[in-house]
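What follows is a single structure, written as structure tokens, with notes after it.
Indexing begins at 1, ligand by ligand and atom by atom, following the structure's order. Residues: numbered from 1 along the sequence shown.
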Amino acid sequence: MSERLEIRNEVRDGLAAGRPVVALESTVIAHGLPHPHNLETALGMESAIREQGAIPAAIGLLGGRAIVGLSPTEIEQLATSSQVAKVSIRDLGAVLAAGGAGATTVAASIRLAARAGIGVMATGGLGGVHRGGETSLDVSADLYELARVPVAVVCAGAKAILDLPRTLELLESLGVPVVGFGTSEFPAFYSRESGLRTSHSVATVEEAAELLAAQAGLGRTGALIVQPPPAAAALPREQVEGWIGRAISEADASGVTGGEVTPFLLSRVSELSEGRTLAANVALLLENAKLAARIAGSSASGA
Ligand code: PSU
Ligand code: MN
């Protein structure tokens with residue numbers, strides 16, 4: 001295994017003992033949520049995972065090493081420093097070689113999780129096909145990496161700022177199942193409804209674990225396990241669409257491109273909604289961490 005990959009003791013020992021482990025990405029900490037909500041949420045997700053009897057394994061780059069199982073102090077460093085690179089798959093080698101701090105996206109995190117032997121990750125919303133992506137080709141590497149590594153990502157669908165129908169089409173083409181947990185409607189991140197169907201659905205964590213185990217026996221592809229945001233924090237879709245429309249026009253007008261698009265849109269939507277999308281984002285992240293830990297627990301006991 002690469003000397004650049006550092007799996008911390010608690011994670012390594014837990015995996016060796018067959019205990020459930022849940023990976024966490026760090027872009028959402030460094031670039032997805034504002035301080036201090038980012039730090040509180042990251043630590044809250046770790047607690048939610050531990051409460052279910054699982055081990056959290058936050059992933060990020062520090063000092064030329066890819067760390068699986070960041071300490072609370074290291075999470076704080078990623079949450080507070082302004083010098084943290086957003087690291088997707090293509091950036092892994094460059095940021096490791098330069099030795100700086102890097103927050104890993106879903107794509108980069110699941111690659112590292114798979115190398116460490118972790119099969120479940122929790123996040124808020126997956127990256128996907130951006131609106132207008134059919135001409136700009138702005139499609140998150142998250143989708144392609146999910147087709148390559150056997151990690152189940154628990155999330156509230158893909159981020160609402162995206163083109164959700166095209167995101168689902170591409171996931172289908174890439175062979176990634178989209179499994180609704182207790183629903184057969186694909187959630188729209190801040191909203192419970194999208195009008196789109198998942199490819200499959202399960203009613204319990206045991207069924208989710210069984211589906212993942214069956215798939216794992218036949219190849220090395222990931223999966224999406226989606227659950228809607230908690231009802232108390234969810235927002236009506238029409239309202240969210242208004243804020244997103246404005247944020248996208250502003251991004252176009254100010255020439256924001258590439259990896260900056262997602263953080264820009266998320267923060268503008270949060271401002272326009274007077275923090276309501278932020279509250280929904282935090283609530284769904286905590287809920288997804290909990291569900292991921294329960295699925296990892298069921299997978300571990302069935303192994
Ligand atoms: N989910 C959130 N907030 C985020 C992200 C996901 O609730 O900030 C991050 C994830 O790390 C995801 C990334 O992989 O945004 C996608 O960025 P891009 O569209 O540039 O691939
Ligand atoms: Mn992009």
Below 4.0 angstrom, N of the basic side chain to O of the carboxylate: do Glu193 and Arg237 qualify? no

Go through the steps for Glu25 and Thr104 under the test side chain to side chain donor-acceptor pair (under 3.5 Å), then give the verdict. CA-CA 6 Å; Glu25 53 127 339; Thr104 46; over 6 Å; no

So, Arg131 side chain and Ile161 main chain: donor-acceptor pair closer than 3.5 Å or not?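 Yes, Arg131 side chain to Ile161 backbone: donor-acceptor pair under 3.5 Å.
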
Polar side-chain atom of Asp142 near backbone of Ala107 as donor-acceptor pair, under 3.5 Å: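 Pair found, side chain donor or acceptor close to backbone of Ala107.
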
Calculate, to the nearest 0.5 Å, the distance between atoms CG and OG belonging to Leu162 and Ser140 respectively.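 Result: 8.0 Å between the selected atoms.
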
Interatomic distance, NE2@His31 vs OG@Ser26, rounded to 0.5 Å, equals 8.0 Å

What are the protein N, O or S atoms, given as residue plus atom name, that sit under 2.8 Å from the Mn ion (ligand 2)? Asp138 OD1

Are Val22 and Met121 packed together at the side-chain level, in the sense that at least one heavy-atom pair is separated by less than 4.5 angstrom?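 Of all side-chain heavy-atom pairs linking Met121 with Val22, none is under 4.5 Å.
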
One pair to check against side chain to side chain contact (heavy atoms under 4.5 Å, CB included): Lys86 and Thr262. What are the steps and the verdict? CA-CA 11 Å; Lys86 176 176 168 181; Thr262 296; 4.1 Å; yes

Neighbouring residues of ligand 1, heavy-atom cut-off under 4.0 Å: Glu25, Thr27, Val28, Gly32, Lys86, Thr105, Val106, Thr123, Gly124, Gly125, His130, Ser140, Asp142, Lys159, Phe189, Thr262, Leu266, Asn281

What do you reckon, is CD of Glu210 surrounded by more than 12 foreign heavy atoms closer than 6.0 Å? no

